[in-house]
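Each remark here refers to the structure printed beneath this line.
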Amino acid sequence: MGTQSDIKLIEENGLRLDGRNPGDLRPIKIEAGVLNRADGSALIEWGGNKVLVSVYGPREAYPKHNQDINKAIVKARYNMAAFSVDERKRPGPDRRSIEISKVLSEALESAIMVEQFPRAQIDVFIEVLQADAGTRIAGLTAAAVAIADAGIPMRDFVTGCTAGKVNDKVVLDLSKEEDNFGQADLPIAILPKSKKIVLLQMDGDLSLEEFDTATSMIINAISRINEIQRNALSAKVKVDDAGGE
Amino acid sequence: MLSKQPGKTPDTYVLPGDEVGISEEYVPGRNVADEEGKLYSLAFGRIQKDDKRLILSVKTGKEKLRPRTGDIVFGQVIRDSKGVQTVRVGGYADKQGDLHEIDFTGLIREPRGRRDDRILPILVGDYVRAKIIREGDVPELGILSPNLGVVMALCSNCRTPLIRDPPGLKCPNCDYKEQRKIASDYGIVLLPREGGVEAGSR
């Protein structure tokens with residue numbers, strides 16, 4: 001959550017600064033298999049976010065002392081490009097990206113059939129090319145598509161969305177201004193089939209009622225986002241069958 | 001998902017979490033899970049039904065091909081450094097004789113202690129047929145058998161494909177003569193199970 005301010009983020013007619021209703025998502029576009037050298041890849045454009053994800057593995061885990069004899073380890077690396085924000089971001093990992101990498105690894109690990117690959121590791125590189133609030137969720141949503149594209153067995157997709165509180169109103173899918181000047185931010189990721197929550201973080205304050213409202217808004221949105229994920233893979237099949245590869 | 005109905009026909013693509021059948025009809029195979037009597041796909045791929053053994057599996061098309069020792073590979077020399085040639089391998093023939101597309105880098109080392117004029121060179125840009133003699137992250141390749149070695153080479157002067165001119169090779173454009181460790185079928189490469197594909201100039 002950024003600085004609180006008296007900036008008006010919701011107009012009198014109930015619309016948000018970008019003209020959306022409180023329950024509207026920003027436009028989402030996912031393309032699978034965008035990189036030839038990676039085992040799996042996906043590019044997501046979610047509002048102003050542009051995130052490229054590549055997946056390598058399963059392959060033998062290095063260093064060897066990191067190997068788990070029962071399952072594969074999932075190593076997600078979330079990284080923001082220096083040019084992804086208005087002011088140049090100092091390249092390399094920082095506290096925020098290390099934390100996000102950890103929670104994304106855990107979220108993905110709960111969906112991947114890691115038990116099938118003992119002593120292996122699966123690398124997921126999440127590169128934020130352009131940031132516009134909700135990059136961790138955009139990255140996670142694209143990572144699930146990239147993992148499926150890599151042919152790695154998964155129980156289900158991982159699909160995420162954010163909600164938050166802006167001018168005392170609960171809204172879905174915060175934009176950059178709403179994220180910076182709003183009162184709360186709640187990113188959630190779910191396995192759509194089992195409805196199991198695999199990532200939940202909260203910044204700011206929400207009452208119990210507001211939390212329930214935000215959660216149900218996210219769960220509703222997730223079925224729409226999951227359809228976009230599935231369509232991205234189906235579209236790839238159609239291109240391949242038409243000889244586009 | 002391309003089809004949401006269970007009991008899909010073969011060659012149908014499915015996504016993780018899609019219902020693909022029921023356990024009364026099929027046993028779950030690769031990339032398929034049984035959950036309360038229903039079979040679900042675990043991967044993005046094609047359904048494969050084995051009606052003889054009643055196994056239902058999902059083939060991803062991303063299974064990694066791993067060349068083994070003894071497999072024959074085809075590639076191009078991309079670097080030559082201190083007697084070690086780096087080869088970008090583009091295809092390999094397994095022991096059954098099937099040809100597969102693959103992309104990895106291998107090394108050809110000059111035999112130790114045999115560095116003399118009798119060993120003919122291979123140069124950057126040459127296309128070679130080699131045998132995997134050691135597996136690993138960077139497999140080691142051998143070219144010493146008569147059927148292994150350069151299958152097509154370019155002239156060092158003008159980059160025209162060289163033709164055979166026993167005992168060596170000759171450029172048909174500038175008449176420049178060169179030596180290579182050539183394969184016995186230099187110029188006319190017979191690819192396994194492909195019925196003789198002409199890769200060279202003659």
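Letters go in sequence order (proteins before strands), and every chain restarts at 1.
- Note: A/Arg37 leads A/Glu60, A/Gln229, A/Arg37, A/Arg155 in heavy-atom pairs under 4.5 Å with chain B.
- When each of A/Ala111, A/Pro153, A/Gly40 is scored by its heavy-atom pairs under 4.5 Å with chain B, the top score falls to A/Pro153.
- When side chains are defined from C-beta on, B/Cys158 counts as touching B/Cys171, because their heavy atoms get closer than 4.5 Å.
- In this structure, chain B has heavy atoms under 4.5 Å from both the backbone and the side chain of A/Leu233.
- More than 12 heavy atoms of other shown residues, nucleotides or ligands fall within 6.0 angstrom of atom CZ in B/Arg159.
- Considering only heavy atoms from C-beta on, A/Phe157 comes within 4.5 Å of A/Arg230 through its side chain.
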Report the C-alpha distance between B/Tyr176 and B/Thr160 in whole Å, list the side-chain angles of each, state the deciding distance to 0.1 Å, and finish with yes or no for side-chain hydrogen bond (donor to acceptor under 3.5 Å, both in side chains).
CA-CA 10 Å; B/Tyr176 188 68; B/Thr160 305; over 6 Å; no
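- With hydrogens and angles left out, the side-chain atoms of A/Trp46 and A/Asp173 include a donor and acceptor closer than 3.5 Å.
- Looking at A/Met154, both its backbone and its side chain come within 4.5 Å of chain B, counting heavy atoms on both sides.
- Residue contact with chain B, scored on non-hydrogen atoms closer than 4.5 Å, involves the backbone and the side chain of A/Ala148 alike.
- A/Gln116 touches chain B through its side chain: at least one heavy atom from C-beta onward sits under 4.5 Å away, while N, CA, C and O do not.
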